[in-house]
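One structure below.
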Amino acid sequence: MSFPTTRQVRWLIKPAWFLACLTPFTWLTLAVFELAGLSLGADPIEETQHFIGIWALRLLLITLALTPIRLLTAQAWVIQLRRMTGLFVLFYVSVHFLNYLVPDQGLDWGAIVEDIVERPFITLGTAALTCLIMLGITSTNGWRRRLGRRWQKLHRLVYVVGILACTHFWWQVKLDTLEPTVYAGILAVLLGSRIVSYKRSKG
Amino acid sequence: MLIKKPRDIKSSDITPESVYLDRRKLLQAAGLSGTAMLLPQAARPGDIPARYKKLEGVIKSHYSTSREPNSFEDVTTYNNFYEFGTKKSDPVDNSGNFKPQPWSVTIDGEAEVTGTFGLEDIVGPHTLEERIYRLRCVEAWSMVVPWIGIPLGDLLKRFKPTSKAKYVAFETIMRPGEMPGQRRSILDWPYREGLRIDEAMHPLTILATGLYGVALPNQNGAPLRLVIPWKYGFKSIKSIVRISFVETMPYTSWSDTLPREYGFYANVNPEVDHPRWSQARERPIGAGFFAAKIPTLMLNGYADQVAGLYTGMDLVKNF
Ligand code: HEM
């Protein structure tokens with residue numbers, strides 16, 4: 001098996017991955033302004049909420065898939081994409097949250113607080129966003145050094161984010177749970193793979 | 001021609017739609033929107049594809065709202081019709097193979113006249129009316145739709161319901177071959193809905209056969225659907241093949257599947273929230289990305305006409 005060189009990862013793969021992660025956002029921006037023949041249909045606010053939410057979740061699962069992929073393929077460099085992908089998750093969830101705050105709720109703080117307190121799926125989403133912000137802030141090399149071993153522990157929060165996000169998705173569905181079930185299944189496999197490799201390393 | 005009362009004539013009888021629309025645009029461009037309002041009130045369609053059959057002999061109704069209807073495109077591409085899939089775009093995307101002709105409706109239960117009747121026998125004896133109604137979905141969005149239909153009460157009376165007919169139950173057609181959504185048991189198909197008989201007889205309740213001057217598109221519930229403007233949209237059952245007069249409260253799909261979240265009455269009520277979202281406000285479809293939500297009105301703004309149906313009832317308990 002061949003491995004890309006450090007230079008290839010840095011100057012080729014990472015920029016390409018950056019653009020790939022940005023593609024859904026670019027699509028959304030074009031569609032919001034009805035450019036390039038794209039459109040969000042009759043309810044652009046809801047479509048934005050769903051589109052950006054589902055991409056946040058997909059990128060989150062991709063982030064969680066990088067470690068098992070490295071273990072399975074021995075391609076150590078894929079780990080170098082992990083921080084960038086995770087930060088994209090934070091970016092997408094932030095857009096999801098801002099779309100909720102401004103176009104959807106019109107910054108009606110009374111209604112927003114009521115939603116966060118009374119609607120469990122919003123409560124979970126907000127908890128997930130809070131975790132992601134902590135992970136984002138502490139994602140720098142400086143914080144990593146400063147926190148030492150605790151950094152590793154703190155960043156296991158991403159597993160919690162995965163569970164919160166999938167439950168959030170599940171609970172906002174009216175009736176048809178097929179799609180959230182598929183995502184929850186993928187999450188279960190990814191988390192399960194950690195348990196398996198943890199047991200192997202012990203045993 | 002502007003002297004004639006709008007009620008007697010259809011705008012499309014006067015001027016071809018395109019000319020009419022252009023004129024309205026011209027008037028508005030000239031700052032003459034006040035003058036434009038003198039034109040017969042008519043729904044502004046945008047583009048209606050020629051394949052839809054025009055409905056003739058439609059009269060106006062004073063039950064219509066003066067609010068601007070949504071575009072034909074909004075009304076026909078943003079739908080909840082789970083028989084064709086659960087996404088809003090599924091009904092328009094997946095209903096191409098559905099055949100609304102020929103069609104028959106079975107009338108049964110507590111009535112003197114029962115049997116199975118062709119669509120023409122059901123609708124034919126009645127005068128079609130345009131009813132421009134507000135539509136409030138339980139998901140907290142809303143539209144204004146220029147329906148065409150007949151008062152349900154006028155139809156029901158022809159079958160002479162007996163004193164045992166306390167409720168009216170409705171059933172959607174079951175055709176998994178043409179309705180891909182029915183191949184998965186998300187709901188216990190066929191879709192069923194029901195009304196108390198006084199709600200069914202109320203003059204605001206209609207059976208719609210069209211919208212925007214043309215026969216109902218498949219995605220909107222062709223060829224025959226209910227419209228009850230003061231209730232959440234899911235009560236307005238589509239593609240109806242059975243109407244039954246019954247003595248006890250019938251099975252209704254959403255409220256019997258998720259009784260905690262949806263009630264039999266499903267009256268629009270800004271004070272009773274859905275367990276997972278607020279019903280106090282609604283998003284008007286078609287108002288663009290930065291349009292504010294608008295307050296939801298009690299009984300969707302039809303309280304003056306229908307509040308009497310519910311005097312003495314606890315609308316929080318009977319949601
Ligand atoms: C890790 C964080 C989050 C993830 C991964 C996430 C993901 C999702 C997903 C996948 C959906 C469903 C999309 C679909 O149906 O196609 C969704 C819907 C939604 N999310 Fe989030 N979300 C997150 C956080 C939040 C936060 C912080 C809020 C607001 C406080 C929020 C509010 C909503 C709303 C309002 C909906 C739409 C519900 C509806 O249309 O009924 N989410 N989200």
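As the structure is a prediction and not an experimental result, all values here were calculated from the model. Numbers restart at 1 for each chain; the letters A, B, ... are given by sequence-line order, proteins then strands.
Heavy atoms of B:Asn80 lying under 4.5 Å from chain A belong exclusively to its side chain. B:Ala287 does not touch chain A: none of its heavy atoms, backbone or side chain, sits under 4.5 Å away. For B:Trp277, the parts lying under 4.5 angstrom from a heavy atom of chain A are both the backbone and the side chain. Using a 4.5 Å cut-off between heavy atoms, A:Thr177 does not touch chain B at all. In this structure, chain A has a heavy atom under 4.5 Å from the backbone of B:Pro275, while its side chain stays farther away.
Among residues 81-92 of chain B, the residues having any heavy atom closer than 4.5 Å to a heavy atom of chain A are, in sequence order, B:Tyr82, B:Thr86, B:Lys88. Within residues 264-272 of chain B, no residue has a heavy atom under 4.5 Å from a heavy atom of chain A.
Counted by atom type alone, A:Gln80 and A:Arg10 present zero donor-acceptor pairs between their side chains at under 3.5 Å. For A:Thr67 and A:Arg82, the side-chain atoms include at least one donor-acceptor pair closer than 3.5 Å. If you check the side chains of B:Glu178 and B:Asn97, you find no donor sitting under 3.5 Å from an acceptor. Side chain to side chain, B:Asn70 and B:Tyr78 fail the donor-acceptor criterion of an N or O pair below 3.5 Å.
In this structure a side-chain-to-backbone donor-acceptor pair under 3.5 Å is present from B:Thr172 to B:Lys238. Not a single donor-acceptor pair under 3.5 Å links the side chain of A:Ser39 to the backbone N or O of A:Ala31.
Across B:Ser278, B:Gly286, B:Ala292, the residue that shares the most heavy-atom pairs under 4.5 angstrom with chain A is B:Ser278. Comparing B:His274, B:Glu139, B:Glu261 by how many heavy-atom pairs each has under 4.5 Å with chain A, the most go to B:Glu139. The candidate from A:Asp115, A:Asn99, A:Leu178 with the greatest count of non-hydrogen atom pairs under 4.5 Å with chain B is A:Leu178.
Counting heavy-atom neighbours within 6.0 Å of B:Arg183 CZ, excluding the residue itself, gives a total above 12. Applying the 6.0 Å contact sphere to CH2 of A:Trp11 captures no more than 12 heavy atoms from other residues, nucleotides or ligands.
We find that B:Asp256 and B:Arg192 are not joined by a salt bridge, their nearest charged nitrogen and carboxylate oxygen being 4.0 Å or further apart.
Between B:Tyr232 and B:Phe234, the two ring planes are parallel [angle under 30°; tilted spans 30° to 60°].
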Contacts under 3.5 angstrom, residues 52-61 of chain A side chains, donor-acceptor by atom type, not counting sequence neighbours:
from: A:Arg58; atom 1: NE; to: A:Tyr183; atom 2: OH; distance (Å): 2.8
from: A:Arg58; atom 1: NH2; to: A:Tyr183; atom 2: OH; distance (Å): 3.2

Throw together a table of side-chain donor-acceptor distances under 3.5 angstrom for residues 102-113 of chain A, partners on residues two or more places apart or in other chains.
from: A:Asp104; atom 1: OD1; to: B:Arg283; atom 2: NH1; distance (Å): 2.5
from: A:Asp104; atom 1: OD1; to: B:Lys293; atom 2: NZ; distance (Å): 3.4
from: A:Gln105; atom 1: OE1; to: B:Arg281; atom 2: NH2; distance (Å): 2.9
from: A:Asp108; atom 1: OD1; to: A:Gly110; atom 2: N; distance (Å): 3.3
from: A:Asp108; atom 1: OD1; to: A:Ala111; atom 2: N; distance (Å): 3.1
from: A:Asp108; atom 1: OD2; to: B:Arg281; atom 2: NH1; distance (Å): 3.4

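For B:Arg175 and B:Phe98, the positive end sits near the middle of the six-membered ring, less than 6.0 Å away and at most 45° from its axis.
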